[in-house]
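Below, each value reflects all heavy atoms present in this structure, side chains not excepted, and no hydrogens, waters or symmetry copies.
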Amino acid sequence: MNIHILTLFPDFFKGFLESSILARAIKRGIVNIRIVNIRDFAFDKHRSCDDYTYGGGPGMVLKPEPVSRALESVKKGNERVIYTTPSGKLFNQEMAEELSRESDLIILCGRYEGVDQRIIDMYVTDEVSIGDYILSGGEIAAEVIVDSTVRVVKGVINDVSLKEESLENGLLEYPQYTRPEVFRENRVPPVLLSGNHEEIRKWRLRKSIEKTLRVRPEIIERRKREGKLPEEILEIVREIKSKGVNNETDKGN
Ligand code: ADE
C-alpha cells in the first residue's frame, strides 16, 4: 500500500513513522509512506501557501495553486484523496478497514481555516473528521487515520489479535490481566485461571457486553438495528438489562 501525506508540517511525522507497528510494516515493505511538503510547490517569492478568505472573516485559507501542484505530483489515477477536516465524515473502524483494502491513498492535511473549496471539488474523494473537536491542524488526524488503517492491512499484525480485539464484533474489549495472580490483595478472576476455554470465552463476552452497555450503549442499539448482533449477545443484553446495568465498576469479578 502506498500512502502520500501532503502537509505544511512534514516534521510532525518524524517520530510517528518510526513507531513500532508502522515502522515494522514499512521495513517489511507492506506499506510505503511518503511525506510531501506542500511548501515545496509554492513558487512565489515568499513561497506562501495561505491567504485571506474571500468575503472577509478571520483566519487564513490554504491556497489552491501549491496544493494542486502537490496533489498532481503524486496522483497516479483515481486513488482516494482524503482531506482531514473537522467538517468531514466521522472516522471509525469500518472506514479504517475499508481504506486498508486500497492500494494507494493520498491524505491532504488541512490547516488554518481550511483549503480553498475548489481543491475539495476538484480532487478530494473523502472529507474525514476524527472527532467532534477542533485540532490545530489535520496532521494528528492523518496520523490517526494512517495508524488505524495500516494495522488492519493484511499481514501487518496477526489475524487472531485483530479478530479478538475491541470493536471487531462491535463491542468494547473485555478486561485483561497478567501476572501476578494477586496484586495488592486483588485477585485475577478465577475463571481466567481455569483453563476452560469455553467458560473464558463466555466470561469475556459478558464483560464486553457489560462494559459496552455501561459506557457506549448506543453501539449496542445501532448494531441491534443493523441486525448485526448474534442471538448469544442479544440474550446476554436482555439478561443484563433485566437486572439493571451496573454503572459503578469495570472490575473483572
Ligand atoms: N482538523 C482539525 N480538527 C480536525 C478533526 N477533528 N478531524 C480531522 N481534521 C481536523
Visitor: Using salt bridge (charged side-chain N to carboxylate O under 4.0 Å, His left out) as the criterion, list what pairs up with E113, not counting sequence neighbours.
Guide: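 In terms of salt bridge (charged side-chain N to carboxylate O under 4.0 Å, His left out), with neighbours along the sequence ignored, E113 is linked to no residue.
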Visitor: Going by side-chain hydrogen bond (donor to acceptor under 3.5 Å, both in side chains), name the pairs with one or both residues in residues 23-32, residues two or more places apart or in two chains.
Guide: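 For residues 23-32: N2-N32.
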Visitor: Tell me, which pairs form a side-chain hydrogen bond (donor to acceptor under 3.5 Å, both in side chains) where one or both residues lie in residues 55-74, sequence neighbours left out?
Guide: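 Passing the test, one end in residues 55-74: E72-Y123.
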Visitor: Please name all residues satisfying side-chain hydrogen bond (donor to acceptor under 3.5 Å, both in side chains) with E235, sequence neighbours left out, ordered by chain then number.
Guide: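 Applying side-chain hydrogen bond (donor to acceptor under 3.5 Å, both in side chains) to E235 gives none.
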Visitor: Got a sec, which residues hit salt bridge (charged side-chain N to carboxylate O under 4.0 Å, His left out) with E231, two or more places apart in sequence or on another chain?
Guide: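 Once residues adjacent in sequence are excluded, the partners of E231 under the salt bridge (charged side-chain N to carboxylate O under 4.0 Å, His left out) criterion are R238.
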Visitor: Which residues pass the side chain to side chain contact (heavy atoms under 4.5 Å, CB included) test with E226, not counting sequence neighbours?
Guide: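 Expected list: R222, R223, K228.
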Visitor: Of all residues at least two apart in sequence or in a different chain, which pass the side-chain hydrogen bond (donor to acceptor under 3.5 Å, both in side chains) check with E218?
Guide: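 Once residues adjacent in sequence are excluded, the partners of E218 under the side-chain hydrogen bond (donor to acceptor under 3.5 Å, both in side chains) criterion are R216.
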Visitor: Return all side-chain donor-acceptor pairs below 3.5 angstrom for residues 37-47, not counting sequence neighbours, or 'none' if the list is empty.
Guide:
{"from": "N37", "atom 1": "OD1", "to": "R39", "atom 2": "N", "distance (Å)": "3.0"}
{"from": "R39", "atom 1": "NH1", "to": "R47", "atom 2": "O", "distance (Å)": "2.9"}
{"from": "D40", "atom 1": "OD1", "to": "R47", "atom 2": "NH2", "distance (Å)": "3.2"}
{"from": "D44", "atom 1": "OD1", "to": "R47", "atom 2": "N", "distance (Å)": "3.0"}
{"from": "D44", "atom 1": "OD1", "to": "S48", "atom 2": "N", "distance (Å)": "2.9"}
{"from": "D44", "atom 1": "OD2", "to": "S48", "atom 2": "OG", "distance (Å)": "2.7"}
{"from": "R47", "atom 1": "NH2", "to": "R39", "atom 2": "O", "distance (Å)": "3.3"}

Visitor: Less than 4.5 Å apart, side chain to side chain, heavy atoms only: is that true for L205 and E232?
Guide: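 They are in side-chain contact.
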Visitor: Would you please name every residue forming a side-chain hydrogen bond (donor to acceptor under 3.5 Å, both in side chains) with D116, sequence neighbours left out?
Guide: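 With sequence neighbours excluded, D116 shows a side-chain hydrogen bond (donor to acceptor under 3.5 Å, both in side chains) to R118, given in chain and number order.
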Visitor: Please enumerate all residues that pass side chain to side chain contact (heavy atoms under 4.5 Å, CB included) together with I200, with sequence neighbours excluded.
Guide: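 For I200, the residues satisfying side chain to side chain contact (heavy atoms under 4.5 Å, CB included) (neighbours in sequence not counted) are V191, L192, S194, R204.
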Visitor: Tabulate below the donor-acceptor pairs under 3.5 Å that side-chain atoms of residues 81-89 make, not counting sequence neighbours, or state none.
Guide:
{"from": "Y83", "atom 1": "OH", "to": "V115", "atom 2": "N", "distance (Å)": "3.1"}
{"from": "T84", "atom 1": "OG1", "to": "L108", "atom 2": "O", "distance (Å)": "3.4"}
{"from": "T84", "atom 1": "OG1", "to": "G110", "atom 2": "N", "distance (Å)": "3.3"}
{"from": "T84", "atom 1": "OG1", "to": "G138", "atom 2": "O", "distance (Å)": "3.3"}
{"from": "T85", "atom 1": "OG1", "to": "S87", "atom 2": "N", "distance (Å)": "3.1"}
{"from": "T85", "atom 1": "OG1", "to": "S87", "atom 2": "OG", "distance (Å)": "3.0"}

Visitor: Could you note down all residue pairs passing side-chain hydrogen bond (donor to acceptor under 3.5 Å, both in side chains) where residues 125-134 supplies at least one of them, sequence neighbours left out?
Guide: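 Checked against side-chain hydrogen bond (donor to acceptor under 3.5 Å, both in side chains) - neighbours excluded - the pairs reaching residues 125-134 are R80-D126.
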